[in-house]
Amino acid sequence: MRHIISVRDLRRDEIDRLLDRAAEIEARHFDPHLLSGRILGLFFFEPSTRTRMSFESAMARLGGVSLNMGSVEASSVAKGETLADTIRVVSGYVDAIVLRHPKEGAARLAAEFASVPVINAGDGAGQHPSQTLLDLYTIRKSMPLDGLRVGLLGDLRYGRTTHSLAIALSLYGAEIAAIAPKGLELPSGIIHELNGSGTPVTEHTAVEEVIDDLDVLYVTRIQRERFPDTASYLDVASSYRITPDLVLRARPHLIVLHPLPRLDEIDPGVDALPNAKYFEQAHHGVSVRMAMLSEVMT
Ligand code: NCD
């Protein structure tokens, strides 16, 4: 049985193999009955559009079906059931579990109580490995993954997609520019981990300082739901915005990624530039998650 909880659980060769598999799937080389008769359980304790629907789509395209817990309010969680008990019970209903939860560490805990594979679809400010795989997949379609200069911009404190991506990029000899408003910097533990694996990290408060040197700019929204109060969110809201002018002065091959949803951090005028890859990135979620489901369910 195989769980996918953190990118730290994956070796570089395993990531490359999953990305290769996703490329074959995108080229329509897959068995549409591979997961026929199998059931995927979707447990989302936080909002989701892309992650939930692309896992559902991935499962359907492989011939399987999905069962969705539905909203927290409509489930027994509202009666006070613990995550451990929910997971123990639903392990008998489904063949794999996709879990999103506001608490960091929830997916790791679920894996302890599950008798089927668990895929972490985001645990608080922790990890989001399926997003990272589709981020890497999108980058790899534009340029080789080795030795890139990647700017991570936005809420690097609470943004789990940046935490996962930074750790995965360290397997590919990346240099990371961490660009964040004051108070939302990349956690020092992650910086130490990156440095320890030989990944240089520079810290910045303005994207203008580094954009000229980047191959990839990964933009994220401020994770309002993780802020203690509205006032502290308003202090940093709308503090950065990528505009067409800014992208046009960067290196021509720069690609701009965003896990989405976007608020106002990327001007819609950027969408039409060839550098903007965030909608393609979201579409790759299906092929990449098909590769992941094939991996853990067969
Ligand atoms: C991200 C998440 O849930 O962490 N969304 C996603 O899965 N694409 C990013 C975000 O919510 O900002």
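- With respect to Glu193 and Arg8, a salt bridge is recorded, a charged nitrogen being found less than 4.0 Å from a carboxylate O.
- Side-chain contact between Leu40 and Val65 is absent, with no heavy-atom pair separated by less than 4.5 Å.
- Linking Ile, Leu, Val, Met, Phe, Trp and Tyr residues whenever their side-chain heavy atoms come within less than 4.5 Å places Leu145 and Leu165 in a single cluster.
- Contacts classified as salt bridge (Lys or Arg N to Asp or Glu O under 4.0 Å) and involving residues 96-125 (residues at least two apart or in different chains) are given here: Asp9-Arg108.
- Checked by atom type and distance alone, the side chain of Ser239 pairs as donor or acceptor with a backbone atom of Val236 at under 3.5 Å.
- In this structure, Ile5 and Pro129 have side chains that are not in contact, with every pair of non-hydrogen atoms separated by 4.5 Å or more.
- For Arg11, the salt bridge (Lys or Arg N to Asp or Glu O under 4.0 Å) criterion is met by Asp13, Glu14, not counting sequence neighbours.
- Listed by first and then second residue, the salt bridge (Lys or Arg N to Asp or Glu O under 4.0 Å) pairs involving residues 143-154 are Arg12-Asp146, Arg149-Glu175 (not counting sequence neighbours).
- Under the 3.5 Å distance criterion, the side-chain polar atoms of Thr220 are matched with a main-chain donor or acceptor of Leu153.
- Put simply, the side chain of Ser48 never gets that close to the backbone of Phe44: no donor and acceptor are under 3.5 Å apart.
- Residues Ile179 and Val210 are in side-chain contact: their nearest non-hydrogen atoms beyond the backbone lie under 4.5 Å apart.
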Just distance, no hydrogens or angles: give the donor-acceptor pairs under 3.5 Å from side chains in residues 185-192, sequence neighbours left out.
{"from": "Glu185", "atom 1": "OE1", "to": "Gly183", "atom 2": "N", "distance (Å)": "3.0"}
{"from": "Glu185", "atom 1": "OE2", "to": "Gly183", "atom 2": "N", "distance (Å)": "3.2"}
{"from": "His192", "atom 1": "ND1", "to": "Ser188", "atom 2": "O", "distance (Å)": "3.2"}

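- Residues in residues 282-298 take part in these salt bridge (Lys or Arg N to Asp or Glu O under 4.0 Å) pairs, two or more places apart or across chains: Arg2-Glu295, Arg17-Glu295.
- Within the 4.5 Å cutoff, side-chain heavy atoms of Phe55 are placed close to those of Leu293.
- Formation of a donor-acceptor pair under 3.5 Å by the Asp155 side chain with backbone atoms of Arg221 is not found in this model.
- You'll find the side chain of Gln131 reaches within 4.5 Å of the side chain of Gln281, heavy atoms only.
- Of all the heavy atoms in Ser170 and Thr199, the pair that sits closest is CB-OG1, 3.0 Å.
- Between the side chains of Thr202 and His204, at least one donor N or O sits under 3.5 Å from an acceptor N or O.
- The hydrophobic clustering, which links ILVMFWY residues whose side-chain heavy atoms are closer than 4.5 Å, places Leu156 and Ile176 together.
- Among pairs with a residue in residues 255-265, those fulfilling side-chain hydrogen bond (donor to acceptor under 3.5 Å, both in side chains) read Ser238-Asp264, His258-Glu265, Arg262-Asp271, at least two apart in sequence or across chains.
- In this structure a side-chain-to-backbone donor-acceptor pair under 3.5 Å is missing from His3 to Ile119.
- Judged as a side-chain hydrogen bond (donor to acceptor under 3.5 Å, both in side chains), the pairs with a partner in residues 87-97 (not counting sequence neighbours) are, in order, Asp85-Arg88.
- Annotation: ring-ring contact (aromatic ring centres under 6.0 Å, His included) contacts of His284 (sequence neighbours excluded): Tyr137.
- Listed by first then second residue, pairs satisfying salt bridge (Lys or Arg N to Asp or Glu O under 4.0 Å) with a partner in residues 39-51 read Glu46-Arg160, Glu46-Arg226, not counting sequence neighbours.
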Any chance you could lay out the side-chain contact (heavy atoms from CB on, under 4.5 Å) test for Asn120 and Ile4, step after step, and finish with the verdict?
CA-CA 6 Å; Asn120 181 9; Ile4 303 181; over 6 Å; no

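- Asp229 and Ser232 share a side-chain donor-acceptor pair at under 3.5 Å.
- Hydrophobic clustering (ILVMFWY, side-chain heavy atoms < 4.5 Å, transitive): Val150 and Leu217 are in distinct clusters.
- In terms of modelled atom types and a separation under 3.5 Å, the side chain of Ser57 and the main chain of Met53 share no donor-acceptor contact.
- Taking every heavy atom of both residues into account, Ile97 and Ala114 meet most closely at CD1-CB, 4.3 Å.
- Although no hydrogens or angles enter the test, the distance criterion places no donor-acceptor pair under 3.5 Å between the side chain of Glu24 and the main chain of Phe30.
- A donor-acceptor contact shorter than 3.5 Å is absent between the side chain of Ser164 and the backbone of Thr161.
- Taking all atoms of both residues into account, the shortest heavy-atom contact from Leu34 to Ser294 is CD2-OG, 3.6 Å.
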Determine whether Ser66 and Ile39 satisfy the following criterion, side-chain contact (heavy atoms from CB on, under 4.5 Å), listing intermediate values before the conclusion.
CA-CA 6 Å; Ser66 303; Ile39 303 174; over 6 Å; no

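- Put simply, the side chain of Arg224 never gets that close to the backbone of Tyr233: no donor and acceptor are under 3.5 Å apart.
- Residues forming a salt bridge (Lys or Arg N to Asp or Glu O under 4.0 Å) with Asp267 (at least two apart in sequence, or on another chain): Arg241.
- Under the rule for a salt bridge (Lys or Arg N to Asp or Glu O under 4.0 Å), the partners of Arg52 that lie at least two apart in sequence or sit in another chain are Glu56.
- Within 6.0 Å of CE on Met143 lie more than 12 heavy atoms contributed by other residues, nucleotides or ligands.
- Listed by chain and residue number, Leu83, Phe113 satisfy the side-chain contact (heavy atoms from CB on, under 4.5 Å) test with Leu109 (two or more places apart in sequence, or in another chain).
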